[in-house]
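Single-structure report; data block below.
Note on naming: letters A, B, ... go to the chains in the order of the sequence lines (proteins, then strands), and numbering restarts at 1 for each one.
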Amino acid sequence: MQDRPAAEEIVARFEIARTAFLDPDGTPRAPLPDFARDRGSLVAMYRAMLLARAFDARAVALQRTGRLGTYPSALGQEAVAVGTAAAMAPGDLLVPSFREHGAQIMRGVRMEELFLYWGGDERGSDFRDQREDFPVCVPVGTQYPHAAGVALAFQLRGEDRVAVAVGGDGSTSRGDFAEALNIAGVWKLPAVFVVANNGWAISVPREAQSAAQTLAQKAVAAGIPEQQCDGNDVIAVRATVAAALARARAGQGPSLIECLTYRLADHTTADDASRYRDDAAVSARWAEEPVRRLRAHLARAHGWSAAEEEALHAGIAAEVDAATEAYLATPPQPATAIVDYLYAALPPDLARLRARLEGQDG
Amino acid sequence: MQDRPAAEEIVARFEIARTAFLDPDGTPRAPLPDFARDRGSLVAMYRAMLLARAFDARAVALQRTGRLGTYPSALGQEAVAVGTAAAMAPGDLLVPSFREHGAQIMRGVRMEELFLYWGGDERGSDFRDQREDFPVCVPVGTQYPHAAGVALAFQLRGEDRVAVAVGGDGSTSRGDFAEALNIAGVWKLPAVFVVANNGWAISVPREAQSAAQTLAQKAVAAGIPEQQCDGNDVIAVRATVAAALARARAGQGPSLIECLTYRLADHTTADDASRYRDDAAVSARWAEEPVRRLRAHLARAHGWSAAEEEALHAGIAAEVDAATEAYLATPPQPATAIVDYLYAALPPDLARLRARLEGQDG
Amino acid sequence: MAEITLVEAVRAALAHALEEDPAVVILGEDVGTDGGVFRATEGLWQRFGSARVRDTPLSEAAIAGVAVGLAAQGFRPVAEIQFQGFIHPALDQLANHAARLRNRTRGRLGCPMVLRAPFGAGVHAPEHHSESIEAIFAHIPGLKLVIPSSPARAYGLLLAAIRDPDPVVFFEPTRIYRAGREEVALDGASLPLGRAFTLRAGGDLTLVSWGAAVREALAAAEALSGEGIEVEVIDLATLRPWDAEAVLGSVRRTGRCVILHEAPRTGGFGAEVAARIAEEALDSLLAPIRRVTAPDIVPPLLRLEHLYLPQVDDVIAAAREVMQWR
Amino acid sequence: MAEITLVEAVRAALAHALEEDPAVVILGEDVGTDGGVFRATEGLWQRFGSARVRDTPLSEAAIAGVAVGLAAQGFRPVAEIQFQGFIHPALDQLANHAARLRNRTRGRLGCPMVLRAPFGAGVHAPEHHSESIEAIFAHIPGLKLVIPSSPARAYGLLLAAIRDPDPVVFFEPTRIYRAGREEVALDGASLPLGRAFTLRAGGDLTLVSWGAAVREALAAAEALSGEGIEVEVIDLATLRPWDAEAVLGSVRRTGRCVILHEAPRTGGFGAEVAARIAEEALDSLLAPIRRVTAPDIVPPLLRLEHLYLPQVDDVIAAAREVMQWR
Ligand SMILES: Cc1ncc(C[n+]2csc(CCOP(=O)(O)OP(=O)(O)O)c2C)c(N)n1
Ligand SMILES: Cc1ncc(C[n+]2csc(CCOP(=O)(O)OP(=O)(O)O)c2C)c(N)n1
Ligand SMILES: [Mg+2]
Ligand SMILES: [Mg+2]
């Protein structure tokens, strides 16, 4: 029987690659992409990460003092948000989950709008400057099909735009994720799906979420390209997302990107992570966080100075202060807001409710 | 920078293998597994496929003459059903979709029960002899989580049993499929997921269902083993399912198996496939169908005779006739059956309805 | 004008919408080459191409979610769920996103999508092909819910649904897809959403219904007329927002009300109709309200399906009982 | 006896069930090490181990579907959906399988599962954490639906739900998880499903409610008593099958009925209660029925949440209006 073919033949092969540029101490481990040789663009990303972190700290402080609702800190994950948004063109469209404040801010969402939203005011999602990006999405995973739909809109209109959805490691266990990747794959939609794998879905660790060795390989199920990257290395995130965006623009369809990062904070301000994870394990992860890493590189390779650092912080503090003030000074919504946006035109039954609310503050 | 590691490293690799033993003309292309060297076991599978086909033809005939409801023929897919059921132990549990009549019959579901079910009588799912297998599942893909649940039951009780779910190529696009595989993977459940890829989901061809090169690779998303096999080669199906069952029994968790077959019939008796697929393409697929293939092998390798063939057909015809008669002679259900099984104990409101129905025929 | 069936009216409305507005896109399982399992989209793929009449993978959640994304971008997706029994995975997107996008963003993003699904019993179909779960959708603020009961209303209401700036769920009763023909002016005129249709005037009793059951309502009214009972038959047509004024006005005149629907009784939308009457027209009531509905059971397979569907005789009996009150 | 909160009562019932029956298995997101985001399962993972108190992946459809598979095999899974707002993907399994398995197989396979979910507004939570969509579940034949309104009822009803041979949906009002303590005998005694609880007797008016709103019902009754209006407060507790006799009996005595629920009005379960009264106790009604509910809107984010929740004053106003009728 030797000359017969064997009972088994290999019909498909897949390799999952991981991209990383900066080591945790900020040393480049490989030649940097063009954008990362440009001091200005590195500083811009550095500033965006610092701003995200400052926004985050302020949001937590506002929550702790009763001036914000439950809030999900993105502490330690800034590189995912910033790298993603930095790679996107203004005309692309972000379909976020709920932990991408940094990306939203870079895309023109005002910090006071985000405070408003997390403070329990729907006006926070009526972005003044950013009219097309999706608002925060709370039901985990349900945003992925939206991105596929937006990408289909771009494709149908022949526009050179890409829809970028972001979600967490936990979200990859939802059927919506698989359905969205699959439909985007079969229609070659200009979409990029970014997974911020921060190791935890509330108390459920990554390894209890899936037996998949990587989350990037979930793309294999949809027959689309995937890439894993160091999600604490903003250069790696941006380069990886940029490559996926370029594929999408070239008509090559969607991609899945897994960013390996770590949730340094509690899940939200309503959570106490010490109940289910070891503080020591968290401390160890501080050595890998993205801000310090980029600063080290900036200092080493671009002569980033203490004075510059200080000026940056001061500028950011002022910005966050201004946003906080604007937020706290926002007049209340009228009570009628609870009915006015439900439909384009008010149905008769709601008109009666509206009349009752007329004149009330919210 | 040469001595630095590159920006990319490969972190996971996957190979999708396909198993096949018999070529379309029945010639072995590789050494056969033990069970397939045994004439008796080959004949048993051959008989089971013929029986499935005869059952199918009768069901279609009954439908055409108004004595059965809409019916999904499995013509051409008999090897998937029979190979799967042949590999299973009696104590395993089948969670079928709606086109696995051949597997159900092998597992002790009576043909008159299947006629009853497809004839629109719920008693057809109250299997007299097979008390644990799941009944037909109509909502595509929803059966996969059931199999995971059943497998968890086996695991929790420490039983040496495996749950086997079967579905179609279309079902792999459903979120339930992905969620079930993922949860089974992370809990290492004793489950086998079998996809009967018959090329079509009603009018939607396989290639419009997913950009995945194989459906077997959907397992990669869940981090579980997969295997593709020639689904018109009953030996390949049985060997592949048997290997997956063995892994499950050994505590190695679930597997996904894709069986490549072809739907030679319309989707159901309510469908007219000529609206959306080429008759010529279908004719070409007759050359690959599983029954003729095994017969050729039996004839060549085991001296299968015309007389044996004839006797087999006669026996099967008698069996199907008897089942048909039993089906047609089944007395109607009492009208009260519409309320009697809704809850273990009848709630008061339904008791009133029941009293009204009492004594009526259904 | 054309003498057409309800499913032909659906198809004509879809064709008209595709023709008039390039933002209209049809998507769903088997809506393309096959023309839909009920032929509601027959010929549209051939005429408008696969970009605008799109077969989807077998993914109900994605069908709804992709429609949300398209709609947020200004498209007017008309998504089909092959049968209402398979709509549950789409409900998450409908209830949590489609119905909320405008409110969530204070009007920044709209969601002008339509979700169509055939529904209802009486066609001897397999399990899960016979449900009537419209009440679930009628309870979701932010959605509209429309159920036509004739070819003309199917045509006009579907056009209105597609042109509506908000998400509309549109359920088509399979039992009357081909049960009769009607002259329909295929002129692209829509019918108003949120407005009930009084199909027959009568001063003795108000009979409220929708969907396929309207046939039984009209048949019962005809039979009762022979007994001297003049029944006002109201087809709600839109269940959200529903035309309570039409029903209340009629009941205030007739003093009696029977509600007929195919869905199981408890928690069906007939309860809402009865509740509003009990709140706002109690003084006018000369007799208790009666609901004629399917019993509170799972739709039986085809052998016992007849025990599930409310019959003309059930309506007549309820009407007689209500007329004899006191 | 212990003085405990409602969420402690839930935990105690779960612990008792795990203790008494090896077939009981808890599964859901964060029910293990974390003890549930509301601490409903706190300590159970430590006490009963990860085989019986299982953290699941973030997969609501699979949570429900796995529970169906377990239950068909004779286990008694108690599955948790973290918030009712995320339950939609589980609805497919609930409506199309859990509710039907027994009927589909003519009793061969049962489905003794419980699906728990916290629900309701008033805790200033993010979007999708405030819904009250119980009416959807109350409309599904084959399911049971239970909503406790006090620690003792939570304990006894949850035990009954777990011991029940059929699928039970169990919604826990977050607003009263910790809003008060009650002496509860932790003796494993269950309370009957399908039976309403008359929490306060009164001859002037029947006030029907369930869940967190029962607090406002009792507060309103207390206030009204001061005005000489004696209100009979009925907590339905089980919405499917619901205790219509208790309500009808009370209304026949009082002649007046106000229904209070937190869900939006249209299509809420209050409609069913009103409809049954309009059908079966119309002659007893001395005044129109009134529903006091949330308006037909999406639950607002926390700033405007107070405009959504029905208040004690709304109940009092409705009661006064009904008392002054004619
Ligand atoms: C569908 C759904 N189920 C449950 C929740 C409650 N919940 C909010 S965040 C979260 C964990 C999400 O984990 P992951 O996707 O990894 O995102 P991360 O929070 O880590 O950013 C859960 C369970 C939800 N919001 N949506
Ligand atoms: C959830 C769901 N959606 C739609 C349908 C209608 N439907 C029945 S079979 C089918 C195609 C199934 O294709 P596949 O999974 O390949 O199985 P096959 O019919 O080829 O055996 C569809 C769309 C259904 N039964 N369930
Ligand atoms: Mg995470
Ligand atoms: Mg198929």
Side-chain angles (χ1 to χ4, degrees), chain A residues 93 95 117 121-128 130-139 141-157 163 165 174-176 178-187 189 191 333 337-350, chain C residues 22-23 25 27 51-52 54-75 77 79 89-90 92-93 95-97 99-113 141-144 164-167 193-194 238 240-245 276:
Chain A
L93 196 148
V95 184
Y117 174 76
D121 187 325
E122 287 82 354
R123 288 175 300 179
S125 297
D126 183 16
F127 310 146
R128 199 185 72 175
Q130 173 46 266
R131 301 302 292 168
E132 288 192 80
D133 278 6
F134 265 53
V136 157
C137 178
V138 171
T142 56
Q143 73 275 27
Y144 297 112
H146 302 163
V150 168
L152 177 56
F154 295 162
Q155 186 186 67
L156 284 168
R157 286 195 297 248
R174 288 260 310 183
D176 312 54
E179 291 196 7
L181 263 65
N182 189 66
I183 206 167
V186 80
W187 291 349
L189 298 179
Q333 305 171 77
I338 66 171
V339 293
D340 277 347
Y341 303 93
L342 214 55
Y343 298 96
L346 214 60
D349 275 24
L350 289 174
Chain C
V25 171
L27 67 161
R52 298 187 62 202
R54 311 180 71 89
D55 278 331
T56 64
L58 215 162
S59 309
E60 281 80 6
I63 290 172
V66 163
V68 170
L70 274 173
Q73 273 289 308
F75 276 87
D92 196 17
Q93 289 289 343
N96 279 342
H97 292 299
R100 297 177 180 215
L101 202 51
R102 179 183 297 283
N103 183 67
R104 178 183 293 149
T105 62
R106 288 298 186 243
R108 181 171 63 86
L109 299 177
C111 197
M113 66 180 272
L143 286 188
K144 297 185 177 177
D164 197 89
D166 291 307
L193 302 186
T238 303
R240 185 175 199 98
W242 71 287
D243 193 350
E245 290 317 316
R276 279 295 283 277

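When all heavy atoms of Pro141(C) and Tyr343(A) are compared, the closest pair comes out as C-OH, 4.1 Å. Shortest non-hydrogen contact noted between Asp166(C) and Ala345(A) is OD2-N, 4.5 Å. Of all heavy-atom pairs spanning Arg54(C) and Gln155(A), the tightest one is NH2-OE1, 4.0 Å. Across every non-hydrogen atom of Val136(A) and Arg104(C), the tightest pair is O-CD, 4.3 Å. What you find for Glu60(C) and Glu179(A) is that their closest heavy atoms are N-OE1, 3.9 Å. Taking all atoms of both residues into account, the shortest heavy-atom contact from Gln73(C) to Ala153(A) is CB-CB, 3.6 Å.
For Arg128(A), there are no side-chain hydrogen bond (donor to acceptor under 3.5 Å, both in side chains) partners two or more places apart in sequence or in a different chain. Asp55(C) meets the salt bridge (Lys or Arg N to Asp or Glu O under 4.0 Å) test with no other residue; sequence neighbours excluded.
In this structure the side chain of Leu109(C) reaches within 4.5 angstrom of the side chain of Pro135(A), judged on heavy atoms.
Contacts between Arg240(C) and chain A at a heavy-atom distance below 4.5 Å involve the side chain alone, from C-beta outward. Contact annotation for Gln93(C): only side-chain heavy atoms (C-beta onward) come within less than 4.5 Å of a heavy atom of chain A. Heavy atoms closer than 4.5 Å to chain C are found nowhere in Asp121(A), neither backbone nor side chain. Contacts between Phe154(A) and chain C at a heavy-atom distance below 4.5 Å involve the side chain alone, from C-beta outward. Neither the backbone nor the side chain of Leu189(A) comes within less than 4.5 Å of any heavy atom of chain C. Neither the backbone nor the side chain of Tyr117(A) comes within contact range of chain C; no heavy atoms are under 4.5 Å apart. Proximity to chain A (any heavy atom under 4.5 Å) is shown, for Leu193(C), by neither the backbone nor the side chain. For chain C, the nearby parts of Ala337(A) are the backbone and the side chain; heavy atoms of each come within less than 4.5 Å.
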Go through Leu152(A) and Val66(C) one step at a time and tell me if the side-chain contact (heavy atoms from CB on, under 4.5 Å) criterion holds.
CA-CA 8 Å; Leu152(A) 177 56; Val66(C) 163; 4.0 Å; yes
Steps toward side-chain contact (heavy atoms from CB on, under 4.5 Å) verdict (Arg108(C), Arg131(A))
CA-CA 7 Å; Arg108(C) 181 171 63 86; Arg131(A) 301 302 292 168; 3.6 Å; yes
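Going from atom CZ of Arg106(C) over to atom CZ of Arg123(A) covers 8.0 Å, rounded to the nearest 0.5 Å.
Each of Asp176(A), Leu156(A), Asn182(A) has some count of heavy-atom pairs under 4.5 Å with chain C, and the biggest count is that of Leu156(A). For the set Gly69(C), Ala62(C), Cys111(C), Ala61(C), the entry with the most heavy-atom pairs within less than 4.5 Å of chain A is Gly69(C). Interface summary for chain C: among Ala148(A), Ala180(A), Pro139(A), the most heavy-atom pairs under 4.5 angstrom belong to Pro139(A). Across Pro165(C), Gly142(C), Pro57(C), the residue that shares the most heavy-atom pairs under 4.5 angstrom with chain A is Gly142(C).
Residue Tyr341(A) is tested with Leu101(C), Asn103(C), Thr105(C) for a side-chain contact (heavy atoms from CB on, under 4.5 Å); the sole match is Asn103(C).
At a threshold of 4.0 Å, the pair Asp349(A)-Arg276(C) counts as salt-bridged, since one of the basic side-chain nitrogens sits closer than that to a carboxylate oxygen.
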